[in-house]
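Working notes for the structure below.
So you know, we letter chains A, B, ... as the sequences are listed, proteins then strands, and number each from 1.
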Amino acid sequence: MREFLQKKSSQYLRGKNIERVSIIVENRSAEFLTRATKLKELKEAGVNPYPNDFKPETTASEVVRGFGALTKEELEAKRHPVCIAGRIMAIRDFGKASFIQIQDMSGRLQAYIKKDFLGEDGYALFKKCDMGDIVGVGGTLFRTRTNELTIEVTALRLLSKGLHPLPEKWHGLTDVEARYRQRYLDIMVNPEVKEVFLKRSMIVQYIREFLTSRDYIEVETPMLQPIPGGAAAKPFKTYHNALSMELYMRIAPELYLKRLVIGGLERVFEINRNFRNEGISTQHNPEFTMLEFYQAYATFEDLMDLTEELVSALVIKIHGRLKISYQGQELDFTPPWTRISVYDAIRKYANAPEEIFTNKAKALEFSKKLGIEVAPGLSHGKVLIEIFENTAEHRFSQPTFVTLYPLDVSPLSRKNEKDPSLVDRFELLIAGREIANAFSELNDPVDQRERFEGQLNERAAGDIEAHEMDEDYVRALEYGMPPTAGEGIGIDRLVMLLTDSPSIRDVILFPQLKK
RNA sequence: GAGCCGCUAGCUCAGAUGGUAGAGCAUCUGCCUUUUAAGCAGGUGGCCCCGGGUUCGAGUCCCGGGCGGCUCACCA
């Protein structure tokens, strides 16, 4: 068969009006070659295996919605014509008649192929079809003996010949690596996977509606940035040839969005990719989707209210109720959510002496006692955050706003009026994970410049993730930014929670893999 | 980056102690015009992830490598 196909392929290539066929024959499965032979035979019989003139008139689920309630007798009386297209996901062959399952984007519908209806030629064409082929069918609706709504097919078109066999019909595709690398198969045969990405789409769409209905406008800011700012993270570096300049894939859009607020776009949001050159895990992908939004004349406290409203509405939207299960634990999104300061969280969970909050040496001593490895040059606030993350953070499984972060871990946040060693900031923790990060924005350009300088010192002291000086951003602030609050929400992690997905790779269509 | 686990037919998986590579689904042939993982009978199909080593003999044991998963570290 191999030689035969090779010969035929080269003949096709030499032929003038014959469609070019170039099938790599080596290292193919027997089934691939069988299907390729069918493909060749179809072409030789004058059948175009890849036509593009077929227009389905409806979808599988639309048919079920429209006629699923009708009885056998009502359907027979009506003889309602339908025309759908989709992939053959099952064939149950009886010789001169067959049942097939046709799957389109909306769902599946059974079709009944009978020689009597299709005729010799039509049925011969059907016999050249395999599982995984895409077909268009027309016919009338009826119910089988087992009462399944089914199309009695009177016309069949092959719309796309599939050359590879599909994964197993019962177990689907379970090999994790294959699922990620060939996500199209995963979506094709594993309905629950498709469901996750439909929900992801619904979530993003709802967020857009939620914000735009509150007079936010959606914007897009640079992915390629000369100074990677807005977060503490290692960036990807790249190079623009024509400009002869180094650029960075953005780690956050923050500083650009705030420039827009300065310009008068008082409510802006962006849902887009961030890139961070760091480790990969069940909660980290090198590129991930972030929602960031900024609202002038608001504070971080206003955003807590807004976040509560947005996320609980999303939970309702996806689950229909406020108590959901995530990986076996129950999460209750009923507002209001607990609000607790970082220091109080440490007091509650770390059993720490009070002096650690005012005395860096005491804080270092305490962190050493906890067995936390602390880099020598770390600032007081960072040591406290280390203590918080190691003792308290993972304890917050229910939605919790943790507020009032140390100044030196928040170089872009506004100082707290009562305690200028803290900033007006919160993180939203759910299931022990950071889902959102927000603060009242620092809009004092003098203070901002000093903070950047402080970051430069930390950089010099060896913290490669410390923020860089962004003169252009400071200049923008010097024009005056209205008092503003801003927030970032990790969309992937939010989708994980709402779809009960254990890994971020389950909610990213094409997660980063080696090779 | 470290530790643990995995990689066998297109897919899902078996292959104690080293001794001629197996099943189910898919595919092929035959039968079957209302099935639901349709059924019955018979067949085809393998660089056992790659490379070394031990051994008369390696899918199996040892060493190195690749890819993936989980945990940890870094981070969101």
Side-chain angles (χ1 to χ4, degrees), chain A residues 1 27-35 37-38 72 89-101 108 110-118 123 130-132 142-150 152 162-182 185-186 188-190 230-235 251-252 274-292 372-373 375 385-386 389-390 393 427-429 433-437 463-465 488-494 496 502-506 511-515:
Chain A
M1 192 195 288
N27 298 321
R28 296 294 194 174
S29 69
E31 186 164 355
F32 183 94
L33 297 175
T34 303
R35 286 167 175 247
T37 303
K38 288 181 184 173
K72 197 174 176 122
M89 298 305 289
I91 300 176
R92 293 185 278 274
D93 185 353
F94 288 83
K96 295 185 181 65
S98 299
F99 289 96
I100 65 175
Q101 289 281 339
R108 285 188 185 188
Q110 183 171 263
Y112 183 50
I113 316 276
K114 198 163 142 181
K115 198 171 184 177
D116 296 351
F117 294 126
L118 277 184
Y123 206 73
D130 292 296
M131 256 207 285
F142 78 110
R143 279 188 189 281
T144 63
R145 274 180 204 159
T146 51
N147 215 33
E148 179 156 347
L149 187 66
T150 303
E152 194 172 79
L163 295 173
H164 289 287
L166 255 36
E168 210 225 15
K169 59 184 171 188
W170 189 242
H171 299 93
L173 187 68
T174 61
D175 180 77
V176 180
E177 187 173 358
R179 286 184 44 226
Y180 296 152
R181 292 193 194 275
Q182 294 182 278
L185 288 179
D186 195 23
M188 200 185 294
V189 303
N190 295 328
K234 299 183 200 80
I251 54 175
N274 287 348
F275 305 87
R276 298 189 185 174
N277 205 341
E278 283 158 1
I280 294 178
S281 77
T282 50
Q283 289 180 72
H284 301 84
N285 195 62
E287 52 182 306
F288 62 101
T289 301
M290 183 79 114
L291 160 69
E292 281 202 16
I372 304 168
E373 276 185 47
I385 284 298
E386 282 291 330
E389 286 176 354
N390 279 278
E393 189 174 45
E427 286 193 4
L428 171 60
L429 300 181
R433 300 171 184 174
E434 183 189 335
I435 298 298
N437 178 21
D463 183 354
I464 54 171
E465 292 189 357
I489 297 181
I491 296 297
D492 312 277
R493 288 184 178 180
L494 184 63
M496 285 169 68
S503 168
I504 198 168
R505 297 181 203 101
D506 297 326
Q512 199 58 243
L513 298 176
K514 268 199 180 183
K515 196 174 74 177

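Across the protein-nucleic acid pair, Gln182(A) atom CD and C11(B) atom C1' stand 11 Å apart, rounded to whole Å. To the nearest angstrom, C1' of A73(B) lies 15 Å from CD1 of Ile280(A). The CG-P distance, from Asp130(A) to U27(B), rounds to 7 Å in whole Å. Whole-Å rounding puts the Lys114(A) NZ to C32(B) P distance at 16 Å. Remark: P of C70(B) and CD of Gln283(A) are 11 Å apart, rounded to the nearest angstrom. Per the geometry, CZ belonging to Phe142(A) stands 15 Å off P belonging to U33(B), to the nearest Å. Look at CG on Leu291(A): it is 17 Å from P on A76(B), rounded to the nearest Å. Taking atom CG of Leu513(A) as the reference point, atom P of G6(B) lies 21 Å away to the nearest angstrom.
Evaluation of the salt bridge (Lys or Arg N to Asp or Glu O under 4.0 Å) test over residues 280-289 of chain A, restricted to residues two or more places apart or in two chains, returns Arg273(A)-Glu287(A). Each salt bridge (Lys or Arg N to Asp or Glu O under 4.0 Å) pair with one or both residues in residues 166-177 of chain A, not counting sequence neighbours, appears once here: Glu177(A)-Arg181(A).
When the ring-ring contact (aromatic ring centres under 6.0 Å, His included) test is applied to Phe275(A), no partner is found at least two apart in sequence or on another chain. Residues passing the side chain to side chain donor-acceptor pair (under 3.5 Å) test with Gln182(A) are Tyr184(A), sequence neighbours excluded. Scored by the side chain to side chain donor-acceptor pair (under 3.5 Å) test, Asp463(A) finds Lys382(A) as partners (sequence neighbours excluded). Contacts of Arg143(A) classified as side chain to side chain donor-acceptor pair (under 3.5 Å), with partners at least two apart in sequence or in another chain: none. With sequence neighbours left out, the ring-ring contact (aromatic ring centres under 6.0 Å, His included) criterion links Phe117(A) to no other residue. Taking the side chain to side chain contact (heavy atoms under 4.5 Å, CB included) definition, one finds that Glu31(A) meets it with Ser29(A), Arg35(A), Pro165(A), sequence neighbours left out.
A9(B) sits 15 Å from U60(B) when the P atoms are compared, rounded to a whole Å. A distance of about 13 Å separates the P atoms of A21(B) and G46(B), rounded to the whole Å. Rounded to the nearest Å, the gap between the C1' atom of C47(B) and that of G51(B) is 12 Å. Comparing the C1' positions of C13(B) and U17(B) gives an interatomic distance of 23 Å, to the nearest angstrom. Nucleotides G59(B) and C31(B) are separated by 39 Å at their C1' atoms, to the nearest Å. Taking atom P on both A14(B) and U8(B), the two are 11 Å apart, rounded to the nearest angstrom. Taking atom P in both G39(B) and C7(B), one finds a spacing of 29 Å when rounded to whole Å.
Nearest nucleotide to the Glu31(A) side chain, out of C67(B), A76(B), U27(B): U27(B). Residue Lys514(A) has its side chain nearest to C67(B) when only A73(B), C28(B), C67(B) are considered. Nearest nucleotide to the Arg181(A) side chain, out of G10(B), U35(B), C67(B): C67(B). The Thr34(A) side chain lies nearest to C28(B) when the options are U33(B), C28(B), C67(B). Closest to the Phe288(A) side chain, of the nucleotides A76(B), U34(B), G69(B), is A76(B). You'll find that the side chain of Glu278(A) is closest to C74(B), out of C74(B), G10(B), U27(B). Of all nucleotides listed (A76(B), C67(B), A26(B)), A76(B) comes nearest to the side chain of Glu434(A). With U34(B), C28(B), C74(B) as the candidates, the nucleotide lying closest to the side chain of Arg145(A) is U34(B).
Listed for the Arg276(A) side chain is a donor-acceptor partner under 3.5 Å among the backbone atoms of Ile251(A).
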Taking only N/O atoms, report every protein-nucleotides 12-15 of chain B pair under 3.5 Å with atom names and distance.
| from | atom 1 | to | atom 2 | distance (Å) |
| --- | --- | --- | --- | --- |
| U12(B) | OP1 | Thr174(A) | N | 3.1 |
| U12(B) | OP1 | Thr174(A) | OG1 | 3.4 |
| U12(B) | OP1 | Asp175(A) | N | 2.9 |
| U12(B) | O3' | Thr174(A) | OG1 | 3.1 |

If you restrict it to nitrogen or oxygen atoms, what contacts under 3.5 Å exist between nucleotides 47-50 of chain B and the protein, and what is each distance?
none

Distances for protein N/O vs nucleotides 39-41 of chain B N/O pairs under 3.5 angstrom?
none

Item to complete: Apply the test side-chain contact (heavy atoms from CB on, under 4.5 Å) to residues Phe32(A) and Thr37(A): give CA-CA distance (whole Å), side-chain angles for both, the deciding distance (0.1 Å), then the verdict.
Response: CA-CA 9 Å; Phe32(A) 183 94; Thr37(A) 303; over 6 Å; no
- Audit row: Arg179(A), Asp506(A), side-chain contact (heavy atoms from CB on, under 4.5 Å) steps and yes/no: CA-CA 10 Å; Arg179(A) 286 184 44 226; Asp506(A) 297 326; 4.1 Å; yes
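Residue-level contact check: Thr282(A) touches the backbone only, with heavy atoms under 4.0 Å from sugar-phosphate atoms and none from bases.
Counting atom types as modelled, Glu148(A) pairs no side-chain N or O with a base atom of U34(B) as donor and acceptor under 3.5 Å. Between the base of U35(B) and the side chain of Thr144(A) there is a donor-acceptor pair shorter than 3.5 Å.
Residues Asn285(A) and Asp492(A) are not in side-chain contact: their nearest non-hydrogen atoms beyond the backbone lie 4.5 Å or more apart.
Ring planes of Tyr112(A) and Phe142(A): tilted class, angle from 30 to 60°.
Remark: ring of Phe32(A) does not overlap the six-membered base ring of G10(B) in a stacked fashion, as centroids less than 5.5 Å apart with planes less than 30° apart are not both met. Taking a centre distance below 5.5 Å and an interplanar angle below 30 degrees as the stacking criterion, Phe99(A) stacks against the six-membered base ring of U35(B).
With a glycosidic angle further than 90° from 0, A14(B) counts as anti.
Looking at RNA chain B, the stems built from 3 or more consecutive Watson-Crick or G-U wobble pairs, each pair with its key distances under 3.5 Å, are B:1-7 with B:66-72, B:10-13 with B:22-25, B:27-31 with B:39-43, B:49-53 with B:61-65.
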